[in-house]
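Scroll down for the structure; my scribbles are underneath it.
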Amino acid sequence: LDVSGLWSTTFSGISQPMRVVQSGVNVAGYYGGGGVLPGGMGGRLNGLVMVGRWTDASSSGGFRLLFTPDGRTFAGTWGRTLDSQTSGGAWVGTR
């Protein structure tokens, strides 16, 4: 599964673009616009599941995303702290 590319994502009730680059199992990207502080994300992809960390100018936290087998959508959760992957709510994306 290659998740590289431009994604339309929604979290915190706000839609915004996210650009992702994948190298092997390592994934890194950035997001911004839509009223949310610009930030970055990075993680490791294991099968269809990516677990990692997001960060922006004021905070950071964990996340867990589940991709569909065709790599066109994901649904997951994000956390408000590094110890949590769920406390922030849903994080979904399509491309």
Side-chain angles (χ1 to χ4, degrees):
L1 180 65
D2 185 357
V3 300
S4 299
L6 182 61
W7 290 83
S8 296
T9 70
T10 302
F11 65 91
S12 292
I14 299 171
S15 297
Q16 60 190 312
M18 179 173 74
R19 174 137 339 249
V20 174
V21 176
Q22 181 177 343
S23 177
V25 297
N26 298 307
V27 180
Y30 61 90
Y31 54 86
V36 171
L37 286 174
M41 55 80 72
R44 293 179 62 87
L45 190 63
N46 183 6
L48 299 176
V49 177
M50 182 167 59
V51 174
R53 174 182 177 182
W54 64 269
T55 186
D56 64 26
S58 66
S59 59
S60 62
F63 66 83
R64 182 180 188 279
L65 307 177
L66 174 62
F67 291 85
T68 55
D70 65 4
R72 304 295 301 162
T73 63
F74 69 78
T77 55
W78 63 278
R80 296 184 183 278
T81 66
L82 293 177
D83 295 335
S84 175
Q85 299 173 347
T86 60
S87 60
W91 189 356
V92 296
T94 60
R95 61 176 173 165

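Residues: numbered from 1 along the sequence shown. Worth knowing before you read on, the calculation uses all heavy atoms, side chains too, and leaves out hydrogens, waters and symmetry mates.
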Approximate separation, where rounding is to 0.5 Å, of Leu48 CG and Phe74 CZ: 13.5 Å

Pairs where residues 85-95 contributes a residue and the test side-chain hydrogen bond (donor to acceptor under 3.5 Å, both in side chains) is met, not counting sequence neighbours: Ser84-Ser87

Note, Ser59 side chain near Arg80 side chain (heavy atom, < 4.5 Å): no

From CZ (Arg72) to CH2 (Trp7), nearest 0.5 Å: 7.5 Å

Main-chain N/O of Gln22 paired with Ser4 side-chain donor or acceptor, under 3.5 Å: yes

Nearest-0.5 Å distance that lies between atom OG1 in Thr55 and atom CG in Leu82: 8.0 Å

From Tyr31 atom OH to Thr9 atom OG1, the distance as rounded to the nearest 0.5 Å: 9.0 Å

Hydrophobic cluster membership, Val20 vs Leu66, 4.5 Å side-chain cutoff: yes

Side-chain heavy atoms of Val27 within contact of Arg44, under 4.5 Å: no

Asn46 CG: over 12 foreign heavy atoms closer than 6.0 Å: no

Verify same cluster id: Met41, Val25 (apolar side-chain graph, 4.5 Å): no

Set of residues satisfying ring-ring contact (aromatic ring centres under 6.0 Å, His included) with respect to Trp54, sequence neighbours excluded: Trp78

Residues Asp83 and Thr81: side-chain donor-acceptor under 3.5 angstrom: no

Shortest non-hydrogen separation from Leu1 to Leu45 and the atoms involved: O-CD2, 3.8 Å

Validation row, ring centre Phe11 to ring centre Phe63 under 6.0 Å: no

Non-hydrogen atoms of Leu6 and Pro17 that approach each other most closely: CD1-CB, 4.1 Å

